Amino acid sequence: MELKKERVQILRVKSEATNQITFDEDYNVPDVKPDIGRMIQSKGEIQIEEVKLNEDQAFIRAKLCVDLLYVGEEEEGRVYSLSASLPIEETLNLEGIESGDKICLKWEIEDLSLHVINSRKLNIKALVTFFAVVDELGDIALPVGIEEEGISCKKKNVRIMGLRVHKKDTMRLKEEIPLASNKPNIHEILWHTLEIRGVDLRPDEDKVSVKGELFVFVLYEGDDEGNPLQWMEHSIPFRGEVECAGCTGDMIPNIEVSALQKELGVKPDPDGEERLMQAEVVLELDMKIYQEEEHELLMDVYTPTMECNPVVHNEILDGLLVRNFSKCRLNDRVEVKETQGKILQICHSQGKIKVDKTKIVENGILVEGVVQIKVLYIVGNDDMPFYSMEAMIPFSHVIEAKGVDENCIYFLRTDLEQLSTTMVDSNEIEVKIVLNLNALVLCREEVPLMEEVEEIPLDPYRIQNMPGITVYIVQPGDTLWDIAKNFYTTTDQIKQVNQLSTEQLQPYQPLLLVKEVQR
């Protein structure tokens, strides 16, 4: 018997690995930079320079870039910045991969800390974790029917997530930010942060639409006499599109977005004055886009004229359970250490989400973690005006997912939508946060898939010993198809003999069965 089959494209994890690198390095302050008196704020990020895949291994060349904002030792109150980069060369063992495979590489910096050894030397400690996943395309052949006629088929409707798009692409954001008219021209940028918030990703016709907000903070020296410190914050909504052939608006996206590059520079305005800042961010989109497909899966076959022996193998099929775009709102207060002086004004605040734990609970997914915030502020001390503080705001939130259980898999994307910090008084700050916790939940079912059907002649002894006419009492759970198969007849004959208008049966209902095959 020849089976009719329909193919569904899927994505399988070929290999994955996690590596940690510990940094404990001393760094000498460059000669052109003044001595360090007091650290204000630090930040760090990983810049990937090269990823090379070979057999069973991935080689990564990157660097840990650390920036420091500090007050000079000799000139109290004057603020400076410096940058350091520490090289990284790491090999990840990824069994089964080969050159030409696609790798999804993510990183996370934990416990970044800078300590002043003396005014000319720093100690940099950090724990960097690399997460690597290599996927491979595959397909599943679903049996959906029999080419021959006269074969009774038992089928089951299944809904499966079929992969339609798997690609990486980038989107470049380029925004010009003019200075306010009451601000002096830029002499030198000392410190800046670029944050992407509230990212919304939607599939569309042959494209993926991207929107969100770019938050920019800049601390700079003005070109007036004495180079006074100035700062500004700016929020820029953005929209963009990434080409994605074969994509449609009803498809189901699973898209990871990360910032590959973030730069802020200064350029002259039309009058030739240094009053324009140019922010440039390159976003990388790792796109896996699915179409929910419905198939009639062939579960069993029979004919009264021969024994049919299906040869099967078990396969796990993924179907969509739920997509949930959930929000978590946080409101907390943090106290400022007395040693840092009383707050006069908040300059800037930034946040980072760290998920510590996820767990399937009844009808939902529990997500626990913290939002790590940094607040830059000034105090009423002209000699040392700038200070920074850090705080951890814990959160616990259940993303609703009705019917979720331990057999399900889920993909979680977190995003900081809003962060605001306001002074309650000179010693306390109120923090308000809105988190996006978006979950794509798939239900997994292991089903037997037919590879072929072996045809075996009927056992004449068994057929001869079966009664020609039988009265059968329907048992709970029986179907007309199963009864017909067991008694070597057909569903149409049972319906005709018993004058049934439908295939619905009632428990303990009597049926007259006539054996169709005679030997």
Side-chain angles (χ1 to χ4, degrees), residues 36-45 65-73 76-84 108-117 122-127 189-195 197 215-220 229-235 328-354 356 369-395 416-435:
I36 298 174
R38 172 176 62 83
M39 294 191 301
I40 300 174
Q41 197 171 83
S42 63
K43 62 181 179 180
E45 66 175 18
C65 300
V66 179
D67 295 299
L68 174 66
L69 188 68
Y70 69 96
V71 177
E73 186 176 50
E76 289 193 351
R78 194 161 180 84
V79 177
Y80 301 91
S81 62
L82 62 82
S83 299
E108 185 177 85
I109 299 176
E110 298 181 69
D111 304 324
L112 174 66
S113 62
L114 278 64
H115 300 282
V116 177
I117 299 173
L122 291 171
N123 177 255
I124 302 173
K125 287 186 170 70
L127 179 65
I189 291 179
L190 294 175
W191 194 256
H192 73 271
T193 59
L194 299 174
E195 288 185 285
R197 296 183 188 172
F215 281 78
V216 182
F217 169 75
V218 180
L219 177 67
Y220 73 94
L229 285 182
Q230 304 286 329
W231 67 88
M232 62 166 286
E233 282 189 300
H234 207 72
S235 171
C328 174
R329 303 179 189 275
L330 306 175
N331 196 329
D332 204 350
R333 293 188 177 190
V334 293
E335 291 187 2
V336 181
K337 294 178 182 177
E338 293 182 4
T339 56
Q340 295 183 349
K342 296 185 181 297
I343 303 172
L344 189 65
Q345 183 181 351
I346 294 174
C347 300
H348 173 63
S349 57
Q350 63 186 101
K352 178 184 175 184
I353 304 170
K354 186 176 186 304
D356 295 323
V370 295
V371 181
Q372 302 168 330
I373 64 166
K374 290 184 178 181
V375 183
L376 183 67
Y377 61 93
I378 59 174
V379 299
N381 181 342
D382 292 337
D383 292 332
M384 287 191 175
F386 283 91
Y387 280 87
S388 176
M389 65 169 291
E390 298 184 14
M392 302 280 192
I393 310 296
F395 68 89
L416 188 65
E417 182 175 304
Q418 294 179 17
L419 169 62
S420 67
T421 50
T422 53
M423 293 172 53
V424 178
D425 54 38
S426 59
N427 295 311
E428 196 172 35
I429 295 174
E430 183 178 36
V431 182
K432 292 183 178 180
I433 300 171
V434 178
L435 304 180

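Every value quoted in this text rests on a predicted model; they were computed, and no experiment measured them.
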Residues in side chain to side chain contact (heavy atoms under 4.5 Å, CB included) with K125, at least two apart?
-> D24, S113, N123
Drop me the distance from R197's CZ to L419's CG, to the nearest 0.5 angstrom.
-> 5.0 Å
From CD1 (I346) to CD1 (I429), nearest 0.5 Å = 4.0 Å
Using salt bridge (charged side-chain N to carboxylate O under 4.0 Å, His left out) as the criterion, list what pairs up with D332, not counting sequence neighbours.
-> none
Distance in Å, Y387 OH paired with I40 CD1, rounded so as to fall on 0.5 Å steps | 9.0 Å
Kindly compute the distance separating CH2 (W191) from CG (L376), expressed to the nearest 0.5 Å.
-> 9.0 Å
Could you list the residues that satisfy salt bridge (charged side-chain N to carboxylate O under 4.0 Å, His left out) with K432, not counting sequence neighbours?
-> none
For K352, which residues count as a side-chain hydrogen bond (donor to acceptor under 3.5 Å, both in side chains) partner, sequence neighbours excluded?
-> none
Counterpart residues, salt bridge (charged side-chain N to carboxylate O under 4.0 Å, His left out), relative to E335 (two or more places apart) | none
By side-chain hydrogen bond (donor to acceptor under 3.5 Å, both in side chains), T421 pairs with (sequence neighbours left out) S349
Under the side chain to side chain contact (heavy atoms under 4.5 Å, CB included) rule, what do N331 and V431 come out as? Steps first, then yes or no, please.
-> CA-CA 6 Å; N331 196 329; V431 182; over 6 Å; no
G369 versus D356, closest heavy-atom pair with distance = CA-OD2, 3.6 Å
I would like to know whether M232 and H234 meet side chain to side chain contact (heavy atoms under 4.5 Å, CB included); could you show each step before the answer?
-> CA-CA 7 Å; M232 62 166 286; H234 207 72; 4.0 Å; yes
Closest non-hydrogen contact found for M39 with V116 is CG-CG2, 3.8 Å
In sequence, state the C-alpha distance, the side-chain angles, and the governing distance for F215 and L416, and then conclude on side chain to side chain contact (heavy atoms under 4.5 Å, CB included).
-> CA-CA 11 Å; F215 281 78; L416 188 65; over 6 Å; no
For L330, which residues count as a side chain to side chain contact (heavy atoms under 4.5 Å, CB included) partner, sequence neighbours excluded?
-> C328, V371, I393, F395, I433, L435
List the steps and the verdict of side chain to side chain contact (heavy atoms under 4.5 Å, CB included) for K374 and T193.
-> CA-CA 11 Å; K374 290 184 178 181; T193 59; over 6 Å; no
Rounded distance (nearest 0.5 Å) linking atom CD1 of I373 with atom CE of M392 | 10.0 Å
Report the residues that fulfil side chain to side chain contact (heavy atoms under 4.5 Å, CB included) with S83, sequence neighbours left out, ordered by chain and then residue number.
-> D67
Spacing of E428 atom CD and I343 atom CD1 [to the nearest 0.5 Å] | 9.0 Å
How would you list, by chain and number, every residue that makes a side-chain hydrogen bond (donor to acceptor under 3.5 Å, both in side chains) with T422, sequence neighbours excluded?
-> none
What's the shortest heavy-atom distance between G44 and L112, and which atoms?
-> N-CD2, 3.6 Å
Check side chain to side chain contact (heavy atoms under 4.5 Å, CB included) between V434 and all other residues, then give those that pass, not counting sequence neighbours.
-> K327, R329, E417, Q418
Of the non-hydrogen atoms in M389 and V336, which two are nearest, and what is the gap between them?
-> SD-CG2, 3.7 Å
Of the non-hydrogen atoms in V79 and L190, which two are nearest, and what is the gap between them?
-> O-CD1, 3.6 Å
F386 six-ring face occupied by R38 cation (under 6.0 Å, within 45°) | no
Set of residues satisfying ring-ring contact (aromatic ring centres under 6.0 Å, His included) with respect to H348, sequence neighbours excluded = F217
Shortest non-hydrogen pair, V379 vs Y377, comes out as CG1-CE1, 3.6 Å
